[in-house]
Amino acid sequence: MSPKLSIAIPTYNRSQFLQGALDRLFACNTILDAEIEIVISDNASTDNTENIIRFAAEKYGKEIHYFRNEKNLGIDGNIHQVVNRSRGEYVWMLSDDDVIADNAIDYVLNKINQQDFCFHFLNAKPLNLEGKTSKVIDTDKDIITTDNNIFIEKIWVWATFISSFLFKREHWMNIHNRADYIGTDIYLTYTLYALLANNPSAQKIIGATPIIFIRSQYTGSYRIFYAFGYQWFKLLTHTAVEMGFDPSCLNRIARKSILRDLIFRVYSAKLNSTTRLSIENIRNLTRYTYPIPAAWFSLYPIIIFPISIIKLVKRISGKIGIKPSSHFK
């Protein structure tokens with residue numbers, strides 16, 4: 001008999017965080033229920049990941065379905081594999097470094113037992129630099145909708161956040177071309193949009209209660225620019241349009257993503273680097289953003305100008321009410 005829920009964890013060389021994640025999972029007695037399985041896909045780690053997993057299974061008395069890839073498949077390939085290896089009716093994707101709330105497993109089980117949905121976005125609560133907290137999706141009650149455009153606009157760039165993914169596995173597996181998204185660095189997001197497009201009348205939920213705590217900030221790098229500069233905006237400006245999403249909705253998401261996310265990623269990268277952005281970085285940041293007016297007055301000046309001018313722009317943007325996403329507060 002297949003389990004009701006698979007908790008699917010892709011991991012690579014982060015055994016110290018993985019151990020903490022497993023301890024948090026097993027702190028909830030519900031995890032021992034036979035209708036829950038834990039599936040870990042190890043992307044050919046070179047640290048003591050396998051020992052950590054075996055020790056946890058023995059310590060807590062529950063089998064952990066552990067798979068080790070023969071070679072590193074990249075983050076997208078490993079995520080692809082961990083869902084393929086799961087057997088549950090529902091799959092909850094969990095990053096190996098995020099922290100879950102004490103009641104997280106009970107919360108997830110209650111949702112899948114009480115509500116019918118194809119996708120549930122689990123709210124999260126990142127810690128900002130001042131130590132304050134805020135939900136990534138600001139809502140006081142669950143948002144339940146069958147409107148794909150409302151759903152994607154509400155979660156905007158957080159559609160890239162792995163630990164918020166709770167979905168019916170059969171819908172995911174029915175995306176027969178999902179392997180084509182491997183290598184985008186936002187495989188999850190492309191597959192989510194395809195899942196929504198394939199199930200336009202199915203129920204989607206955004207939870208109000210945050211059950212995940214994001215441990216660390218994103219930092220600027222080449223792969224970040226490729227994922228959040230190139231691929232994210234390619235999805236919004238081209239692929240999602242072809243999937244049938246409303247272009248005006250996608251345009252609003254793109255504008256918000258530039259003003260409240262991407263400019264702060266670029267600012268952070270320039271602030272923490274002594275070198276200029278590479279030509280490849282700049283291509284990634286401009287290839288699919290140039291048709292968006294907001295990019296010209298906000299993103300491109302940050303790309304071009306020196307850090308002293310950027311700091312002035314940042315102060316001005318704060319005064320006119322432009323707020324960063326939770327990663328950059």
Side-chain angles (χ1 to χ4, degrees), residues 5-6 8 75-76 79-80 82-84 86 88-95 108 111-112 114-124 135-139 141-208 212 227-228 230-257 261 288 325:
L5 173 67
S6 296
I75 181 60
D76 288 344
I79 291 171
H80 182 75
V82 78
V83 178
N84 288 348
S86 299
E89 181 182 356
Y90 290 86
V91 175
W92 175 17
M93 299 289 296
L94 186 62
S95 175
V108 169
K111 291 297 181 183
I112 64 180
Q114 295 175 7
Q115 296 174 301
D116 182 40
F117 57 84
C118 70
F119 191 93
H120 191 304
F121 181 90
L122 301 171
N123 219 329
K135 291 187 284 190
V136 299
I137 307 299
D138 187 14
T139 179
K141 61 180 181 179
D142 287 359
I143 299 171
I144 303 174
T145 183
T146 57
D147 189 317
N148 284 341
N149 294 297
I150 289 175
F151 185 78
I152 63 169
E153 188 165 3
K154 288 289 185 183
I155 64 173
W156 65 298
V157 76
W158 291 102
T160 62
F161 182 55
I162 183 172
S163 296
S164 288
F165 277 55
L166 172 63
F167 53 87
K168 212 164 192 176
R169 184 175 179 272
E170 67 172 321
H171 294 315
W172 190 275
M173 300 303 289
N174 284 337
I175 311 300
H176 299 302
N177 68 328
R178 64 191 185 281
D180 295 344
Y181 306 135
I182 294 173
T184 63
D185 282 17
I186 54 168
Y187 162 89
L188 277 170
T189 315
Y190 273 94
T191 307
L192 167 58
Y193 272 53
L195 183 154
L196 298 175
N198 279 5
N199 298 275
S201 61
Q203 193 162 255
K204 300 94 187 176
I205 302 173
I206 301 171
I212 304 149
F228 292 94
Y230 184 92
Q231 289 292 347
W232 172 238
F233 287 92
K234 179 183 178 183
L235 173 62
L236 294 176
T237 59
H238 288 75
T239 310
V241 176
E242 295 169 357
M243 290 178 178
F245 290 90
D246 178 15
S248 62
C249 170
L250 296 168
N251 288 338
R252 290 192 297 272
I253 297 171
R255 182 179 186 277
K256 183 178 181 180
S257 297
D261 186 74
Y288 290 104
S325 63

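Nothing here was measured: the structure is a model prediction, and the numbers come from that model. Along the sequence shown, residues carry numbers from 1.
S95 and I162 get closest at one heavy-atom pair: CB-CG2, 3.6 Å. For Y187 against R178, the heavy-atom pair with the smallest separation is CE1-O, 3.1 Å. The two residues V83 and R169 come nearest to each other via the heavy atoms O-NE, 3.2 Å. Closest heavy-atom contact between N148 and P200: ND2-CA, 3.7 Å. Here the shortest heavy-atom pairing between G207 and T139 reads O-CG2, 4.1 Å. Smallest separation of non-hydrogen atoms from I79 and M93: CG2-CE, 3.5 Å.
For D246, the side chain to side chain contact (heavy atoms under 4.5 Å, CB included) partners at least two apart in sequence or on another chain are N149, S248, C249. E89 pairs by the side chain to side chain contact (heavy atoms under 4.5 Å, CB included) definition with K4, K168, not counting sequence neighbours. The side chain to side chain contact (heavy atoms under 4.5 Å, CB included) search around A254 returns F233, L236, I292, not counting sequence neighbours. Under the side chain to side chain contact (heavy atoms under 4.5 Å, CB included) criterion, K154 pairs with I143, I150, I206, sequence neighbours left out. Evaluation of the side chain to side chain donor-acceptor pair (under 3.5 Å) rule for D185 yields R223 as partners, not counting sequence neighbours. Taking the ring pair (Phe, Tyr, Trp, His ring centres under 6.0 Å) definition, one finds that F121 meets it with nothing, sequence neighbours left out. T184 pairs by the side chain to side chain donor-acceptor pair (under 3.5 Å) definition with nothing, not counting sequence neighbours. Residues forming a side chain to side chain donor-acceptor pair (under 3.5 Å) with T191 (at least two apart in sequence, or on another chain): none. With sequence neighbours left out, F245 forms a ring pair (Phe, Tyr, Trp, His ring centres under 6.0 Å) with Y193. Applying the side chain to side chain donor-acceptor pair (under 3.5 Å) test to S163 and every residue at least two apart in sequence or in another chain returns D98. With sequence neighbours excluded, the residues satisfying salt bridge (charged side-chain N to carboxylate O under 4.0 Å, His left out) with R252 are E153.
Annotation: the span from M173 atom CE to S86 atom OG amounts to 9.0 Å, rounded to 0.5 Å. Note that CG of N123 is 13.0 Å distant from CD1 of I205, once rounded to the nearest 0.5 Å. The OH atom of Y90 lies 7.5 Å from the NE2 atom of H171; values are rounded to the nearest 0.5 Å. The distance from atom NZ of K256 to atom CH2 of W156, rounded to the nearest 0.5 Å, is 5.5 Å. Between the SG atom in C118 and the CG atom in L195 there is a gap of 5.0 Å [rounded to 0.5 Å]. Taken to the nearest 0.5 Å, the OG atom of S164 stands 8.5 Å off from the CD1 atom of I155.
Y190 has its side chain within reach of Q231: a pair of non-hydrogen atoms, C-beta onward, lies under 4.5 Å apart. Using a 4.5 Å cut-off on side-chain heavy atoms (C-beta onward), I152 and L250 make contact. For the pair F161 and V136, the minimum side-chain heavy-atom distance is 4.5 Å or more. Two residues are said to be in side-chain contact when any heavy atoms from C-beta on lie closer than 4.5 Å; L166 and I112 meet this criterion. Residues V91 and W172 have side chains not in contact (no heavy-atom distance under 4.5 Å, counting atoms from C-beta outward). Residues L188 and T160 fail the side-chain proximity criterion, which asks for heavy atoms closer than 4.5 Å.
A donor-acceptor pair under 3.5 Å is formed between the side chain of T189 and the backbone N or O of A159.
Within the structure, the side-chain hydrogen bond (donor to acceptor under 3.5 Å, both in side chains) test picks out the following pairs touching residues 232-244 (sequence neighbours left out): W232-S257.
Checked against the 6.0 Å centroid threshold, F119 and F165 count as a close aromatic pair.
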